[in-house]
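Below is one structure, written out as structure tokens; the observations come after it.
When a residue number appears, it is its place in the shown sequence, counting from 1. This is a predicted model, so every value here is computed, not measured.
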Amino acid sequence: MNVTEFWMLRCLELARLGAGNVSPNPMVGAVLVHNNQIIGEGWHQKFGSSHAEVNAINSVLKRELIPEATLYVNLEPCAHIGKTPPCANLIISYKIKKVVVGMLDPNPLVAGKGIALLRAAGIEVELNVLNEQCLNLNKRFIHFYTTNKPYVILKWAQTRNGFISPDANKMSAEKFEEERHITGMLVQKLVHKWRTQEDAIMVATNTALTDNPALNNRAWEGRAPARIVLDQHLRLPNTLKLFDQSQKTFIANRIKDEIDGNNVFLKLNFKEDWFKQLLDLLFEHNLQSIVVEGGATLLNHLIANNYWNEAIVFYSPKNISNGIEAPTISGKIIQQDNIDVIQMTQYLNL
């Protein structure tokens, strides 16, 4: 690893501190280095607040060193006026001599314009340092702008004997309640942490009816995701937790387009590719990522039609008596961890 890569790694470390707080903006970290010493650093901390470059520059105590410093940033500095002024203009105003950038910004409002501004001002720019790591960090943001669709993550837990859940039609309510928890509190807490870092969580009709999930992040402090429920015929009762108006909730259906407070009804044509229609509408609502948590029919549909980017599966040593079969997934295994007795495996769709 060379010195340039070392400082870019620091940018990535800082950028990750914004996870769960900056969407729909990307995670960005910035470091100002003078004579191989950090004189300032920062990260984008919250959507609508100052960008990483601004925070890094504002943190510098010896301001006279800024023009002789090198700025490292994992994503191209912005060149447009959004919630904040353009970072490229700020860098130019401080006459920073060199900027090292991890990757270009795919947002068409930026997309090379920031680099062009810096170079036109006579600033030396080095591009694509630790490019793969930078791409991976903001893969949801990049997918959103390069495909005009949200990034889709499938998630489920399954038992040793291959069931995703007990079958409520084949057992008593008491037996169902006894067997339906396949993992445990530690996994639940991890899942709720992840929910603060994703834009939306989706379930289908039967899961909503059987489990009455809240789809919130009550076990972890942070931003609550939007909720999506597939309810073709609008047969779900409005007494379900999903419809409590506490979070933005999208109801995919075949009957109506309507807004009722935080509940947004999205009418789809189910005779055609309804999930593509849904992704297109969610893109318009600026949702960059969706975690699909069930049920098995919906998960199998998305797998069969290749509508997924990642899958996270929790393999439990538990067995249940009568259950609904878990989906079959294939893809590149990119991570495996043990969480107590649960094995978590993360797959990438190639």
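For the pair Asn309 and Arg140, the minimum side-chain heavy-atom distance is 4.5 Å or more. The side-chain heavy atoms of Asn253 and Gln232, taken from C-beta on, include no pair separated by under 4.5 Å. Thr210 has its side chain out of reach of Arg180: every pair of non-hydrogen atoms, C-beta onward, lies at least 4.5 Å apart. Considering only heavy atoms from C-beta on, Pro317 comes within 4.5 Å of Ile342 through its side chain. Counting only heavy atoms from C-beta outward, the side chains of Asn58 and Val60 never approach each other to under 4.5 Å. Residues Val152 and Val291 have side chains not in contact (no heavy-atom distance under 4.5 Å, counting atoms from C-beta outward). Residues Leu281 and Glu284 are in side-chain contact: their nearest non-hydrogen atoms beyond the backbone lie under 4.5 Å apart. No side-chain heavy atom of Pro225 sits less than 4.5 Å from a side-chain heavy atom of Glu198.
One hydrophobic cluster, built from ILVMFWY side chains closer than 4.5 Å, holds both Leu287 and Leu278. Hydrophobic cluster membership is shared by Phe6 and Val31, with clusters built from Ile, Leu, Val, Met, Phe, Trp and Tyr side chains linked at under 4.5 angstrom. Hydrophobic clustering of Ile, Leu, Val, Met, Phe, Trp and Tyr side chains at less than 4.5 Å, counting indirect connections, unites Val3 with Val100. Both Val54 and Val99 are part of a single hydrophobic cluster, where members link through side-chain heavy atoms under 4.5 Å apart. The hydrophobic clustering, which links ILVMFWY residues whose side-chain heavy atoms are closer than 4.5 Å, places Trp156 and Met344 apart.
Applying the salt bridge (Lys or Arg N to Asp or Glu O under 4.0 Å) rule to pairs touching residues 216-237 yields Asp199-Arg223, Arg227-Asp244, sequence neighbours excluded.
For the pair Pro86 and Ala79, the tightest heavy-atom approach, listed with the atom from each and the gap, is CB-C, 3.8 Å. Annotation for Val229 and Ala208: closest pair CG2-CB, 4.2 Å, computed over non-hydrogen atoms.
Atom CD of Glu64 has more than 12 heavy atoms from other residues, nucleotides or ligands within 6.0 Å. Within a 6.0 Å radius of NZ in Lys193, other residues, nucleotides and ligands contribute 12 heavy atoms or fewer.
There is a side-chain donor-acceptor pair under 3.5 Å between His44 and Asn25. Using a 3.5 Å distance cut-off with no hydrogens or angles, the side chains of Asp273 and Tyr307 do pair a donor with an acceptor.
Among residues two or more places apart in sequence or in another chain, the ring-ring contact (aromatic ring centres under 6.0 Å, His included) test is passed with Phe144 by Phe283. In terms of the ring-ring contact (aromatic ring centres under 6.0 Å, His included) criterion, Phe243 has no residue partners (sequence neighbours excluded). Residues that satisfy the side-chain hydrogen bond (donor to acceptor under 3.5 Å, both in side chains) test with Glu325, not counting sequence neighbours, are absent from this structure. Partners of Glu5 by side-chain hydrogen bond (donor to acceptor under 3.5 Å, both in side chains), not counting sequence neighbours: none found. Here His285 pairs with Phe250 under the ring-ring contact (aromatic ring centres under 6.0 Å, His included) rule; sequence neighbours left out. With sequence neighbours excluded, no residue forms a side-chain hydrogen bond (donor to acceptor under 3.5 Å, both in side chains) with Arg160.
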Salt bridge (charged side-chain N to carboxylate O under 4.0 Å, His left out), that's the test. Do Lys139 and Glu310 meet it? Break it down for me. CA-CA 11 Å; Lys139 56 192 171 185; Glu310 285 185 21; 2.5 Å; yes
Candidate pair Glu293 and Arg195, rule salt bridge (charged side-chain N to carboxylate O under 4.0 Å, His left out), full reasoning: CA-CA 11 Å; Glu293 295 197 352; Arg195 285 180 178 176; 2.9 Å; yes
Kindly indicate, with the supporting measurements, whether the criterion side-chain contact (heavy atoms from CB on, under 4.5 Å) is fulfilled by Tyr347 and Ile312. CA-CA 6 Å; Tyr347 301 87; Ile312 299 171; over 6 Å; no
Go through the steps for Glu76 and Met103 under the test side-chain contact (heavy atoms from CB on, under 4.5 Å), then give the verdict. CA-CA 6 Å; Glu76 175 184 5; Met103 62 169 287; over 6 Å; no
Pair Trp274-Glu272, side-chain hydrogen bond (donor to acceptor under 3.5 Å, both in side chains): steps then yes or no: CA-CA 6 Å; Trp274 66 268; Glu272 298 180 2; over 6 Å; no
For residues 258-270, dump all side-chain donor-acceptor pairs below 3.5 Å to protein atoms at least two apart in sequence or in another chain.
unit_1, atom_1, unit_2, atom_2, d
Glu258, OE2, Lys256, NZ, 3.4
Asn262, ND2, Gln245, O, 3.0
Asn269, OD1, Lys271, N, 3.0

When the side chains of residues 327-340 are checked against the rest of the protein, which donor-acceptor pairs come out under 3.5 Å, sequence neighbours left out?
unit_1, atom_1, unit_2, atom_2, d
Gln335, NE2, Asp337, OD2, 2.5
Gln336, NE2, Thr345, OG1, 3.2

Result block: side-chain N/O donor-acceptor pairs under 3.5 angstrom for residues 115-128, not counting sequence neighbours:
unit_1, atom_1, unit_2, atom_2, d
Arg119, NH2, Val125, O, 3.3
Glu126, OE1, Lys98, NZ, 3.3
Asn128, OD1, Asn131, ND2, 3.1

Show the atom names and distances, to 0.1 Å, of all donor-acceptor pairs under 3.5 Å that link a side chain in residues 298-305 to residues at least two apart or in another chain.
unit_1, atom_1, unit_2, atom_2, d
Asn300, ND2, Ala296, O, 3.1
His301, ND1, Asn305, ND2, 3.3
Asn305, ND2, His301, O, 2.8

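Membership of the apolar cluster around Phe163 extends to Ile320, as traced through chained side-chain contacts below 4.5 Å between ILVMFWY residues.
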